[in-house]
Amino acid sequence: MILPRSFYARDALVVARALIGARIVCGDRIARIVETEAYRGPKDLACHARFGETPRTKPIFGPPGTGYVFLVYGMHECFNVVCKAEGSGHAVLIRAAEAIDCDARLDGPGKLTRELAITRAHNGCILHAKDAEIKLLSRVGRPKIATSARVGVGYACEWADLPWRFFDSESYAVSRPPKSAIGR
DNA sequence: AGGTTGATCTAC
DNA sequence: TAGATCAACCTG
């Protein structure tokens with residue numbers, strides 16, 4: 001079943017955990033999500049919402065269930081889902097997934113969007129719409145969920161160390177081994 | 001450890 | 001406007 005708008009209307013931490021094991025469908029491709037990260041609005045110094053509403057960050061302040069796709073490092077697109085409430089700036093980054101219909105590893109946010117053919121053209125799309133181009137379907141099974149610090153946000157000082165990354169500890173497709181907390 | 005490049009920021 | 005800087009990554 002397609003995840004309803006109410007699924008997204010919760011804190012990003014809750015949604016990030018709940019999305020492990022959910023399926024993502026884009027065009028004719030389908031994958032099982034195994035890794036996510038929560039970003040919790042303007043006060044979270046790792047979250048894009050900290051810049052306020054700009055042309056780039058506009059969708060993250062939209063209603064829950066909105067897709068937010070942005071470009072990093074000039075070449076990789078990252079796919080996020082907007083959470084909580086309109087204007088809250090909460091979002092969950094989808095970092096990795098297991099392909100279901102083939103054996104591709106979608107083990108990183110840039111590789112995931114490339115394999116699923118998600119681009120900035122999907123920015124601002126409504127994920128719970130019946131005819132959505134990108135759909136998220138409810139979880140199958142009961143994954144074992146572990147947490148760690150978020151990846152690639154070392155600039156965010158104390159916000160960088162919070163255990164706001166969630167992953168299926170039994171999946172082969174998790175993007176990187178949990179690093180010890182002493183990183184910087 | 002370093003390449004890579006579009007978007008954003010800063011200084012004319 | 002042009003040039004510098006930044007960035008939720010990827011590959012070796």
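All values reported here derive from a predicted model rather than from experimental measurement.
Counting non-hydrogen atoms under 4.0 angstrom, Arg95(A) reaches the backbone sugars and phosphates but no base.
Atom pair Met75(A):CE and dC6(C):C1' shows a separation of 13 Å (rounding to whole Å applied). If you measure from atom CZ of Phe70(A) to atom C1' of dC9(C), you get 10 Å, rounded to the nearest angstrom. Rounded to whole Å, the distance from CZ on Arg105(A) to P on dT11(C) is 11 Å. For the pair Leu112(A) CG and dC10(C) C1', the computed distance is 14 Å after rounding to whole Å. To the nearest angstrom, P of dC9(C) lies 16 Å from CZ of Phe79(A). Nucleotide dA8(C) holds its C1' atom 17 Å from the CZ atom of Arg40(A), rounded to whole Å. Atom pair Arg50(A):CZ and dA8(C):P shows a separation of 6 Å (rounding to whole Å applied). Taking atom NZ on Lys58(A) and atom C1' on dA7(B), their separation rounds to 18 Å, with Å as the unit.
The base of dA8(C) lies close enough to the side chain of His48(A) for a donor and an acceptor atom to sit less than 3.5 Å apart.
Pro64(A) places a side-chain heavy atom less than 4.5 Å from the side chain of Arg5(A). With a 4.5 Å cut-off on side-chain heavy atoms, Ile134(A) and Ile118(A) count as touching.
Between Tyr68(A) and dA8(C) there is no side-chain N or O to OP1 or OP2 distance below 4.0 Å. For Tyr73(A), a side-chain nitrogen or oxygen approaches OP1 or OP2 of dC9(C) to under 4.0 Å.
When both distances must be under 3.5 Å, the Watson-Crick or G-U wobble mate of dG6(B) is dC6(C).
Of the candidate nucleotides dA7(B), dC9(C), dT11(C), dT11(C) has the atom lying nearest to any side-chain atom of Arg114(A). Across dC10(C), dA8(C), dA7(B), the shortest atom-to-atom separation from the side chain of Leu71(A) is found for dA7(B). Distances were taken from every side-chain heavy atom of Val72(A) (C-beta onward) to each of dT11(C), dA7(C), dA7(B); the shortest belongs to dA7(C).
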Original post:
After noting the C-alpha distance and the side-chain angles of Leu19(A) and Phe166(A), does the key distance pass the side chain to side chain contact (heavy atoms under 4.5 Å, CB included) rule?
Top reply: CA-CA 9 Å; Leu19(A) 278 175; Phe166(A) 299 85; over 6 Å; no
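Ring geometry for His128(A) versus Tyr8(A): interplanar angle of 30 to 60°, hence tilted.
In this structure, the salt bridge (charged side-chain N to carboxylate O under 4.0 Å, His left out) partners of Glu53(A), at least two apart in sequence or on a different chain, are Lys58(A).
Comparing Arg120(A) and His76(A) by the nucleotide of DNA chain B that holds the closest heavy atom to each, the one mapping nearer the 5' end is His76(A).
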